[in-house]
**Student:** 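Pasting a structure here, questions to come.
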Amino acid sequence: RSSGSLLSEEELERIGNEEDALRGYEEAAARSLEAVRAEQGGDTGRAVHLYEELVASGFVESCPYERLAAIYERRRSYCEALRVTESYIRLAKSGKMPRGAQRSADRKLAGFEARAERYRRLAGEGDQSSR
């Protein structure tokens with residue numbers, strides 16, 4: 001550790017470079033808030049677009065993953081809900097998240113894994129039905 005710093009040498013070296021999970025965080029957080037507002041305002045298409053961008057970028061907060069999976073679940077698009085949920089599980093297990101986000105992910109991981117299992121089951125049932 002650097003003297004007086006809460007961050008390790010390795011963490012200090014990552015700040016601002018391509019490996020920094022918080023690079024562009026404020027912009028991504030603003031898009032997340034915009035997506036939530038779009039969803040609440042009834043513009044689900046816009047919300048899905050923004051949430052998908054956040055998921056694709058590996059945004060470190062769980063909200064976009066949770067909201068997007070919920071939208072897909074309501075649409076009975078269980079494979080899509082599973083894809084999004086598994087994306088967060090991979091991110092949470094990657095070890096690349098900032099400390100605070102990692103602690104939050106660690107707390108939420110069991111819930112995400114339970115949802116993923118439910119989506120797998122629902123997706124399988126959908127494949128076997130003749131709807």
**Student:** Any chance you could measure Glu52, atom CD, to Ser57, atom OG, to the nearest 0.5 Å?
**Tutor:** 11.0 Å
**Student:** Between Arg118 and Glu73 (salt bridge meaning N to carboxylate O under 4.0 Å), is one present in this structure?
**Tutor:** yes
**Student:** Atom CZ of Arg107 and atom CD of Gln102: how far apart are they, to the nearest 0.5 Å?
**Tutor:** 10.5 Å
**Student:** Which heavy atom of Cys79 sits nearest a heavy atom of Ala123, and at what distance?
**Tutor:** SG-CB, 3.8 Å
**Student:** At what distance, to the nearest 0.5 angstrom, does CZ of Arg90 lie from NZ of Lys96?
**Tutor:** 12.0 Å
**Student:** Do the charged groups of Glu117 and Arg121 touch, with an N to O distance under 4.0 Å?
**Tutor:** no
**Student:** Measuring from atom CG of Leu82 to atom OG of Ser87, what distance do you get when rounded to the nearest 0.5 angstrom?
**Tutor:** 9.0 Å
**Student:** Shortest non-hydrogen contact from Pro64 to Leu54?
**Tutor:** CG-CD1, 3.8 Å
**Student:** For residues Leu91 and Val60, report the shortest heavy-atom separation together with the two atoms involved.
**Tutor:** CD2-CA, 4.1 Å
**Student:** When rounded to the nearest 0.5 angstrom, what distance separates CD in Glu125 from CZ in Arg76?
**Tutor:** 11.5 Å
**Student:** The test is side-chain contact (heavy atoms from CB on, under 4.5 Å); show your working for Phe59 and Glu53 and say whether it passes.
**Tutor:** CA-CA 9 Å; Phe59 185 56; Glu53 285 181 350; over 6 Å; no
**Student:** At their closest point, which heavy atom of Thr85 faces which heavy atom of Tyr119, and how far apart are they?
**Tutor:** OG1-CE1, 3.3 Å
**Student:** Side-chain heavy atoms under 4.5 angstrom apart, residues restricted to Ile, Leu, Val, Met, Phe, Trp, Tyr: same cluster for Ile71 and Leu50?
**Tutor:** no
**Student:** Testing the 3.5 Å rule here: is there a donor-acceptor pair between the side chains of Glu39 and Tyr51?
**Tutor:** yes
**Student:** Identify the heavy atoms of Cys63 and Val36 that sit nearest to each other, and give their distance.
**Tutor:** SG-CG2, 4.0 Å
**Student:** Which heavy atom of Tyr72 sits nearest to which heavy atom of Val84, and what is that distance?
**Tutor:** CE1-CG2, 4.0 Å
**Student:** Output the distance between atom CD (Glu86) and atom CZ (Arg120), rounded to the nearest 0.5 Å.
**Tutor:** 4.5 Å
**Student:** Hey, are Arg83 and Glu80 close enough for a salt bridge, meaning a charged N less than 4.0 Å from a carboxylate O?
**Tutor:** yes
